[in-house]
Amino acid sequence: MARKFLYVIAGLIVLVIAALLVYRIWGLELIRAVMVPREAFAPLSPLPANAYDDPKMWIARPDITKDNPALWTPQGVKDAPAAKKAAVFFIHPTSYITTLGDAHWNMRLDDPESLKLARRFVQGQASTFNAVGDIWVPRYRQANFGVFFTDKPAAEAALDAAYSDVAQAFAAFVRANPDEPLILAGHSQGSRHLLRLLRDQVAGKPVADRIAAVYAVGWPISVEADLPALGLPACARREQAHCIVSWQSYAEPADPSGVLEVFGRANGYTGKPRKGTHMLCTNPITGAFNGSAPATANLGTLDSRNDKKPPHLITGIVPARCDTSGVLMIGEPVDLGPFTLPGNNYHVYDYSLFWANVRQDAKVRLATFLKQENGT
């Protein structure tokens, strides 16, 4: 069954990649016909006020001890228990991927295939934080993958609907963790919702003082047009807490034109245009703003290619360099599986490429935050 499921997921991703190739060759109109839902957008009914009190509304949380994908670690990884733990809120990326025009704008919570793929993302991404605290990952009515290929008002409405669920889950998370340091993280669509959470629910509020670090990976952030509204600065060095980390991975030769075009098209969270501003790039190997690091400094890339072997870490194979465009260059293409996107875009592998370094980064930032909290 596990292998059959992997084949299904691989097939879906291949279809997505094929659609992206079609987009590069034949344009937006054709990809809209394949990826964008045809139905009229219908507003979602709000979830019950206490919806996220139910463990079934979470993929991971501390009281889920059976089949919790966030508790997974690669072979050979053993960490000493943290002296004091954080509470980690992780928003998973898009797992509602369809190529049928009759798909919905938002995932239904009982969609089994999307939930299975979300669990795989949680295992490969959120697990990197399980050395620093208890991980909370909400289920939410995420926007369809197709929303990122259309400017229809329904696309923004679908993202707004997904965000409403995330905001409700975050409120429940904060209530359940009234005193702990907080680490907020996400990827792709999850990071988009995370940035909005920072602006709407964190910046200028008491909870902001408890944020040890934010990992908004796989979504572009403008240093000038976004950061001032988010209430936290960019992380300038690893030994810094209460700041934001972000990167987007490309092998060389890279073509990040699609991301750069989207980045420059809209205004930032400050209301100012992003066009002409600088995209935030944190080097995940060094933990510093911009800069480069050799492959020898990479503590471990997660290799999940072989379904006959458990995923494991490979050290020293991927370098990292923040390019002047704001994206992260990883040198020559590396074989992590079939899901590299056009333009040598390693978006799917943003966490996998630097899994062990992100793990170490979170430990250092939490330790730094606790020292500052204790005045030492």
Side-chain angles (χ1 to χ4, degrees), residues 70 72-80 82 86 88 90 93 121-133 135 183-188 190-191 212-219 221 234-252 280-305 311-323 326-337 346-369:
W72 174 87
T73 54
Q75 280 187 319
V77 173
K78 296 180 180 179
D79 296 278
V88 181
F90 185 89
F121 284 137
V122 171
Q123 176 179 305
Q125 298 178 343
S127 62
T128 193
F129 298 104
N130 61 29
V132 295
I135 300 175
I183 291 176
L184 311 182
H187 185 248
S188 196
S191 288
V214 173
Y215 294 82
V217 179
W219 195 265
I221 302 173
C235 293
R237 60 191 184 282
R238 173 150 290 154
E239 293 75 16
Q240 180 184 355
H242 201 61
C243 56
I244 299 176
V245 166
S246 181
W247 70 86
Q248 298 174 92
S249 310
Y250 282 80
E252 299 179 80
L280 173 60
C281 179
T282 311
N283 189 311
I285 293 181
T286 65
F289 181 58
N290 290 335
S292 62
T296 53
N298 191 320
L299 300 176
T301 296
L302 185 62
D303 183 1
S304 304
R305 290 173 297 174
H312 60 284
L313 296 178
I314 305 176
T315 61
I317 63 168
V318 179
R321 174 180 61 85
C322 284
D323 187 69
V327 301
L328 185 76
M329 299 296 186
I330 64 166
E332 295 292 324
V334 57
D335 180 15
L336 291 182
Y346 276 68
H347 178 76
V348 174
Y349 305 107
D350 281 327
Y351 276 97
S352 297
L353 289 161
F354 310 102
W355 194 95
N357 287 88
V358 177
R359 193 171 183 84
Q360 180 64 20
D361 189 276
K363 292 179 185 178
V364 173
R365 295 196 195 279
L366 177 60
T368 300
F369 179 82

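Shown here for Asn357 and Gly300, the closest heavy-atom pair between the two residues is OD1-N, 4.0 Å. Among all heavy-atom pairs drawn from Ser191 and Ala216, the shortest one is OG-C, 3.3 Å.
For the pair Pro333/Tyr346, a side-chain contact is recorded, criterion being any heavy-atom separation below 4.5 Å from C-beta on. Two residues are said to be in side-chain contact when any heavy atoms from C-beta on lie closer than 4.5 Å; Ile183 and Phe369 fail this criterion. By the 4.5 Å heavy-atom criterion applied to side chains, Asp350 and Trp219 are not counted as neighbours. Between Leu313 and Arg359, every side-chain heavy-atom pair lies at or beyond the 4.5 Å cut-off. Counting heavy atoms from C-beta outward, Arg238 and Asp361 have side chains that approach closer than 4.5 Å. At a threshold of 4.5 Å between non-hydrogen side-chain atoms, the residues Arg365 and Val245 count as touching. You'll find the side chain of Asn290 stays beyond 4.5 Å of the side chain of Asn283, heavy atoms only. Side-chain contact between Glu252 and Glu332: absent, with no pair of heavy atoms (C-beta onward) separated by less than 4.5 Å.
Between the side chain of Asn298 and the backbone N or O of Ile317, no donor-acceptor pair lies under 3.5 Å. The closest donor-acceptor contact from the side chain of Ser304 to the backbone of Pro311 lies at 3.5 Å or more, if one exists at all. Although no hydrogens or angles enter the test, the distance criterion places no donor-acceptor pair under 3.5 Å between the side chain of Thr282 and the main chain of Trp247. Judged by distance alone, with hydrogens and angles left aside, the side-chain atoms of His187 form no donor-acceptor pair with the main-chain N or O of Ala126 at under 3.5 Å.
With ring centers used as reference points, Tyr351 lies 6.0 Å or more from Tyr215.
Leu302 contributes atom CG, which lies 7.0 Å from atom OG of Ser127 (distance to the nearest 0.5 angstrom).
Residues forming a side-chain hydrogen bond (donor to acceptor under 3.5 Å, both in side chains) with Asp303 (at least two apart in sequence, or on another chain): Arg305.
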Inset, instruction - I would like to know whether Trp72 and Val122 meet side-chain contact (heavy atoms from CB on, under 4.5 Å); could you show each step before the answer? - result: CA-CA 9 Å; Trp72 174 87; Val122 171; over 6 Å; no
